[in-house]
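Worksheet: the structure to be examined is printed underneath.
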Amino acid sequence: MPDGRTGRVHFYATGASGMERHQLPGAEGEFAGYFGDLLSRLDQRAGWCGVFWQRDPEGMTACLDGQEVPPWDVVQALLHDLAADRGTPAAEREADLARPLHRAALAAHDTRPGSRRLLAERLDLMLGEERYAIDRQDRLTAQLSEAPTPHEADRIQLDLAWARDDEERARARSEELRARIAELDEAAEQDRVPQPRTADRKKRPRGARYGWVEADDGSAADEAGPLPVPDVTPGAVGAPEGPRGARFAGGAGPVREAGPQPGREPDPAAEDPATEDPAAEDAAARAVRELVRLRAEGRAGEAYALLCEAVLWPAPRLPLLAEELEYAGLGADWVTLLWEGASLSVERLVAAADALAAAGRADDGAQLLRQGVARPAPEIADAVLALRGAGREREVVALLDAYVRVRSPQEAARFVLRDPARLTTPVLDAARAVSPEREWDVVHALRVAGIAV
């Protein structure tokens, strides 16, 4: 746990819900009682418990009153405090008890009037907190390379640790909020399912979730049939690992004209991402039209599912999709898509970052890599070894550059421990390219870890 300074992220960045406080019955009240019991077994001024009371006392009080359900990462952190005091087995048993109580409390909380709107607002705030934490890490990393004294360097390192914690918590809370919104939207969609169609109406299969255009009365949709489906079959250039169906084939709304867009100078040196994929621009336009329709109808869960599906598109299509989203005023959805891209396999992550950089979106590509290297060190190490074995040094350099910029020197040392003979030199080269100070920090961490340098 970082020590000595609190970070920025509060519970959902909003504090209490503003509702009148009183102990609630049912699942919310039950979890509030459990939460209070858990806190009573911890030192309120130490560990993460002390941090949360200092960061967000209103949020903690609202959780004790049953007016809010704390994010799961908060409960996990308190269980870490419990483990430090009473041992890991006790904390694991406690987690088995806490998880179902927490889920039930969330489900009950989200049945309140206006809960979906509140969740959507909190998600927007949390996405902003994620972006802020990443930008802050970049600024602090730059300051670290210019720190005039060791004392100042230590202070910046501490701030950097808190910025990383803020990013991790904001990301976890964003994922939790998305899941809650998706569950609400799924329930609402089930409530809107119509009575069977009359016998004189045509019927057609409903298998492709986004593949059909719905007219207001349903009749035009019955006669129209499916719109053309972009070619994403196995074997197509840049195709994903399997066919994705007609999920993004349909939608309503005008198609914008191709050509240079306002605010972005054409880059003559940039590689045209659609050169080997003639259907790319049409696929991007269709996906955005469908996304606009879903947003207009308040179907955020399906819109989020569409973005998750688009992450799996061939890498050269992503820059086109980014342009379409920004043109339609959906820049926030592009940010969400980049966050989801961090979960891609390392090889596909690098390919996506390359495609974005080639299309003049180097900042987006760098952000994608920074987010992607947040995964466990052994996983990144294995990917780097595989890329080096395939002779893909350019990808190795890009990945390691992002890793040593975002992760701590100690984490870089754990990375190298996977295979010191093959990873020590490239990691040190990457650190040296960042700054002499970062190289020295990594050298020191490697020596502490027992790795000869």
Side-chain angles (χ1 to χ4, degrees), residues 1-7 46-48 50-51 76-77 80-81 83-85 87-88 91 133-134 136-169 171 346 369-389 393 396-453:
M1 181 186 77
D3 187 29
R5 185 185 298 260
T6 58
W48 285 112
V51 168
Q76 282 184 311
H80 281 303
D81 285 354
D85 185 44
T88 300
I134 288 177
R136 187 162 180 257
Q137 289 176 62
D138 288 342
R139 293 195 301 271
L140 289 169
T141 300
Q143 292 174 19
L144 187 62
S145 65
E146 301 172 357
T149 65
H151 176 75
E152 181 66 10
D154 289 343
R155 184 193 66 78
I156 295 173
Q157 285 279 21
L158 181 60
D159 287 347
L160 194 56
W162 277 110
R164 292 191 186 105
D165 181 70
D166 282 346
E167 180 196 350
E168 291 170 3
R169 292 192 183 281
R171 181 182 301 170
V346 175
L369 286 174
R370 287 197 303 270
Q371 295 164 182
V373 296
R375 64 192 73 196
E379 184 178 341
I380 298 291
D382 290 343
V384 166
L385 291 172
L387 289 170
R388 293 202 80 191
E393 288 300 320
V396 168
V397 170
L399 201 57
L400 288 179
D401 178 78
Y403 192 88
V404 298
R405 288 179 185 275
V406 172
R407 308 296 286 267
S408 69
Q410 293 73 24
E411 290 168 324
R414 287 195 291 272
F415 171 92
V416 171
L417 283 171
R418 192 71 168 180
D419 191 334
R422 291 193 289 169
L423 293 176
T424 300
T425 297
V427 165
L428 287 175
D429 289 344
R432 188 178 306 115
V434 174
S435 70
E437 291 78 6
R438 177 49 59 98
E439 179 188 12
W440 167 246
D441 288 342
V442 172
V443 167
H444 177 69
L446 291 174
R447 288 173 176 167
V448 170
I451 300 170
V453 180

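Side chains included, hydrogens not; waters and symmetry mates left out as well; all remaining heavy atoms used. Just so we're clear, the structure is a prediction, and the values are computed from it rather than from any experiment.
Between the side chains of Ser408 and Glu411, at least one donor N or O lies within less than 3.5 Å of an accepting N or O.
Judged by distance alone, with hydrogens and angles left aside, the side-chain atoms of Asp81 form a donor-acceptor pair with the main-chain N or O of Trp48 at under 3.5 Å. In this structure, Arg388 contributes its side chain and Arg422 its backbone to a donor-acceptor pair below 3.5 Å.
Interatomic distance, CD of Gln143 versus CD of Glu152, reported as 7.5 Å (0.5 Å rounding). In this structure, CG on Asp159 lies 11.0 Å from CG on Asp154, to the nearest 0.5 angstrom. In this structure, the separation between CG on Asp166 and CD1 on Ile134 is 11.5 Å, given to the nearest 0.5 Å. Between atom CG of residue Leu158 and atom CZ of residue Arg155 there is a gap of 9.0 Å, rounded to the nearest 0.5 Å. Between Ile380 atom CD1 and Leu385 atom CG the span is 11.5 Å, to the nearest 0.5 Å. Between the OG1 atom in Thr141 and the CZ atom in Arg136 there is a gap of 11.0 Å [rounded to 0.5 Å].
Asp401 approaches Ala430 most closely through the heavy-atom pair N-CB, 4.2 Å. Among all heavy-atom pairs drawn from Ala449 and Ala413, the shortest one is CB-CB, 4.1 Å. Considering all non-hydrogen atoms of both residues, Ala163 and Ala133 come closest at O-CB, 3.7 Å. Looking at every heavy atom in both residues, Ala431 comes nearest to Val442 through CB-CG2, 3.9 Å. Contact record, Gln157 with Asp441: NE2-OD2, 3.5 Å, taken as the closest heavy-atom pair. Between Ala402 and Leu369 the shortest heavy-atom distance is CB-CB, 3.8 Å.
Sorted by first and then second residue, the ring-ring contact (aromatic ring centres under 6.0 Å, His included) pairs with a member in residues 427-453 form an empty list; sequence neighbours excluded. The stretch residues 136-156 participates, sequence neighbours left out, in no ring-ring contact (aromatic ring centres under 6.0 Å, His included) pair at all.
Arg418 places a side-chain heavy atom less than 4.5 Å from the side chain of Asp382. Within the 4.5 Å cutoff, the side chain of Leu446 has heavy atoms near those of the Leu428 side chain. Residues Val384 and Phe415 have side chains in contact (heavy-atom distance under 4.5 Å, counting atoms from C-beta outward). Between Gln410 and Val448 the shortest side-chain heavy-atom distance does not fall below 4.5 Å.
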Given side-chain contact (heavy atoms from CB on, under 4.5 Å), test Leu160 with Gln137 step by step and report yes or no. CA-CA 6 Å; Leu160 194 56; Gln137 289 176 62; 4.0 Å; yes

side-chain contact (heavy atoms from CB on, under 4.5 Å) for Asp429 and Arg432? Distances and angles first, verdict last. CA-CA 5 Å; Asp429 289 344; Arg432 188 178 306 115; 2.9 Å; yes

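A salt bridge does not link Glu168 to Arg164: none of the charged nitrogens lies less than 4.0 Å from a carboxylate oxygen.
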